[in-house]
Each structure stands twice: as C-alpha cells, then as structure tokens.
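So you know, we letter chains A, B, ... as the sequences are listed, proteins then strands, and number each from 1.
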There are 2 protein chains.
Amino acid sequence: MDDQTIPLDAETKAVEMPEHHRDELRLWLRLLTCSTLIEGEIRRRLRDRFDVTLPRFDLMAQLDKAPDGMTLSDLSKRMMVSNGNLTGLVDRLVTSGHLERRVSETDRRAQMVRLTKAGQDEFRSMAAEHEGWIADLFGDLTQKEQKDLMRLLAKTKNSARRAMMGGSQ
Amino acid sequence: MDDQTIPLDAETKAVEMPEHHRDELRLWLRLLTCSTLIEGEIRRRLRDRFDVTLPRFDLMAQLDKAPDGMTLSDLSKRMMVSNGNLTGLVDRLVTSGHLERRVSETDRRAQMVRLTKAGQDEFRSMAAEHEGWIADLFGDLTQKEQKDLMRLLAKTKNSARRAMMGGSQ
DNA sequence: AAAAATTACTTTAAGCTTAAAATAAATTCG
DNA sequence: CGAATTTATTTTAAGCTTAAAGTAATTTTT
C-alpha cells in the first residue's frame, strides 16, 4: 500500500530508483536463470545422447502431435520463432530425412510439413528419455509445489500478455 | 508387422509412457513459454527503444555491478554463456565505445573489462526504464504470489542443479 | 627447475535467430 | 473484374551461440 521505507540491501550499491521495482527484477532474473539452466542441460543431453539440437527436437515435438502435418506458419506461431528461422530448420530436417514437405493442395503458397516414419521413430525414442530427464530435473518439488508453480506461471504468462497488449501486439 | 499392437486413440496423441511424467513435462513447457514470452518482449523493447540487443544489455548489467571491472571468465560464469561467445560480444561493445578492456596487471592472460563513462550512463538510463517494464510484465501477481513464485523457482533451481551433479557437472 | 596440468582467452565452423525486404499466391474491396 | 491488401514463405545481413581446437600464461607436480 503506502510505500514503506526501502531497506537498502547491504550488498546493493546502485542508485535508488524512483519506485522500488527491485523485487520484480529479482523475480525475473530468477525465472530466467531457472529456464536457462534447465534448457542448457537439456540441450547438452540431447547433443551428447542423440546428436540433435534443441530447436530440431522442439520442431519434431510439434509435428509429432500433428500426424497430418502443419504449415510453416502454424509451426512458427506454436514455437514462437520467426518464419525465416523455420525455413532453415525445416530445410535441414528434410535433408536429414526426418521431415517431409509438400505444397498444400488448397493453397499454393503454403507447405504442409510432417515427420517421416524414420523421423517419428527417432523422435519418440528421444522423447521417452527426455521425459525422464525433465521428471528428474524437477524431482525435488512435491506434487503440491508443482501444482502451485504451474498456477503461478500461468498467472505470470497472463500478466505478461496483458502487459504486451497495446504496446506492439 | 507387430507394431500395430498399440491402440491409437484417434485424436489423442501417443503411446502411454511407462511412468507418468507428463506433469513435469507440462510444467517445464510452461516455464519455458513464460520466459521465452517475456524475454522476447524485453528484447523487442530494448531494440525499439534503445537499439541494443539483450546480450549486450545483460553484459553491461553485470559490469555495472562491478565498477572495478571483471575478467571475461568471471563474466562468462555469471552470464552462463561460453567464453568464445563473450569474446565477440565484448569486441563489439569496445568498438561501440561502451566498454574498455585492459590486460590484467597481475595475470597477463586475463583481461579486465569495464564500462566506460558513456557506457555506464547509457546503461543506467536503459536500466531505469527496463525495471519499469519488468514490474509491469509481472504486475498482476500479488506480493504474496511473487514471494511464492520466488521460493518455488529457487527450489526448482536447486532441484535442477542436484539432478545435474554426476552427469557432467 | 623442467614437465605436466590448469587457466584465460581466441579462433573456427556450424548452426540458430531475428528483422527487414522480396516474392508469390490468395483474399478483399471498389 | 482489377487494384489493393493480406498471407505464406524465402532470402539476406547481421548478430548470437556453442563445442572444439588452438595459443599463451600461470600454477602445480615431480
């Protein structure tokens, strides 16, 4: 409510900001650290164990959920990456035999992309192991803590989306 | 041949996994979505508003906390990025006049890097605004929710670190 | 002190990523 | 219908990122 006097952390030596938004900043840095840490570990294991990159794995994960294939635009939205990024990613996965691309029959601009049989097999065997890694990485959280974290992240996501409205999106 | 033994639900996805680690997977995906979403927005605003990239901003943020400078290795550890990555990043920031690098007087392998006056001024003006963006992005969370999230993320971080021990780190 | 190991950093090659501009097909509108 | 707009994708240029290999300085070991 009313602004309390701000307790100056002993180790913090920066200038006092007009409003004390330090807490949100610390929260953001912790969230980022968490996801960077885990993402890095997953990336490392995917490379060491399967010689695959995370972006490729993610792309295959999306396609595994859509047996009939998806367009590049759909993929782009789901993966939250740019269209141009996807072009190269798909190119490489087609070359390696994991993906198949075909011009859509209803729209000659669009392409349907989907996993080949080999791609699907390989993905599923990776996914099974991947799921175990994640379970282990989050293993110290109780069922309740997982549930709470899930809820708080959902709320954070909504808050962020709300804040983005009007600005540019 | 024998690979049709599994009854495939028409619209639902894949095979039932040996152990149900779906929840952890969903939790991880939500965490990742959250940080990707926010990171993307910050990246966009830094570019639009200040014509600076997030990695450069992050690097300057580290140096702002160390007025006497840091070595590349210190930066590398703190930022959780590779040494090689830092070399290029620092190069560009030196060229643009934001950073100063000097060979350490006590160790001729090492370099001390620090913000120039101009770099510091520019960073601080960006940081003030940046802090407001973060506060807004997390704005829908109550004080208690922020505290809870902070705690759960700390626990997640520790859990992940524990899981990494032995594997490669 | 010489050899071995470690540490700090750079270089390289490959891939990821984006924004912006370009191309082409489809849709909307006058 | 034909022009203008939107949508789907590719290309380009620049920068980020990593792992692995290389160089050089320091520290440890023998």
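- Not counting sequence neighbours, the partners of A/Thr71 by the side-chain contact (heavy atoms from CB on, under 4.5 Å) test are A/Ser73, A/Asp74, A/Ala110, A/Met112.
- B/Glu131 approaches A/Leu25 most closely through the heavy-atom pair OE2-CD2, 3.6 Å.
- Ion pairing between a basic and an acidic side chain is recognised when a charged N comes within 4.0 Å of a carboxylate O; A/Lys157 and B/Asp140 show no such pairing.
- Residue A/Ser73 has a polar side-chain atom (N or O) positioned under 4.0 Å from OP1 or OP2 of D/dT9.
- Note on A/Arg101 versus A/Asp91: salt bridge recorded, some NZ/NE/NH1/NH2 to OD/OE distance being below 4.0 Å.
- A/Phe57 places its CZ atom 15 Å from the P atom of C/dC16, with the value rounded to the nearest Å.
- Note that CZ of B/Arg151 is 6.5 Å distant from NZ of B/Lys155, once rounded to the nearest 0.5 Å.
- In this structure the side chain of B/Val113 never reaches within 4.5 angstrom of the side chain of B/Met70, judged on heavy atoms.
- Across the protein-nucleic acid pair, A/Asp74 atom CG and D/dA8 atom P stand 8 Å apart, rounded to whole Å.
- Using a 4.5 Å heavy-atom cutoff, the side chains of A/Asp148 and B/Asp148 are not in contact.
- Here the P atom of nucleotide C/dA19 and the CZ atom of B/Arg45 are 15 Å apart, to the nearest Å.
- Between the C1' atom of D/dT17 and the CG atom of B/Asp58 lies a distance of 14 Å, rounded to the nearest Å.
- Residue B/Ser76 is classed as having no contact, given no heavy-atom separation below 4.0 Å to the nucleic acid.
- Contact between the side-chain N/O atoms of B/Arg92 and the OP1/OP2 oxygens of D/dC16 is found at a separation under 4.0 Å.
- The CG-P distance, from A/Asp51 to C/dG15, rounds to 11 Å in whole Å.
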Given protein heavy atoms under 4.0 Å, the one-letter contact record of nucleotides 18-27 of chain D, with B base, S sugar-phosphate only and - none, is simply BS-----BS-
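- A/Thr53 comes within 4.0 angstrom of the backbone, heavy atoms only, and of no base.
- Comparing A/Gly88 and B/Lys77 along DNA chain C, the residue whose closest nucleotide (by nearest heavy atom) sits nearer the 5' end is B/Lys77.
- Atom P of nucleotide C/dT17 and atom CZ of B/Arg56 are separated by 19 Å, given to the nearest angstrom.
- Straight-line distance from the CG atom of B/Leu75 to the P atom of C/dA8: 13 Å, rounded to whole Å.
- Note on B/Thr71: only backbone sugar-phosphate atoms sit closer than 4.0 angstrom, heavy atoms only; bases stay farther off.
- Whole-Å rounding puts the A/Asp91 CG to D/dT9 P distance at 13 Å.
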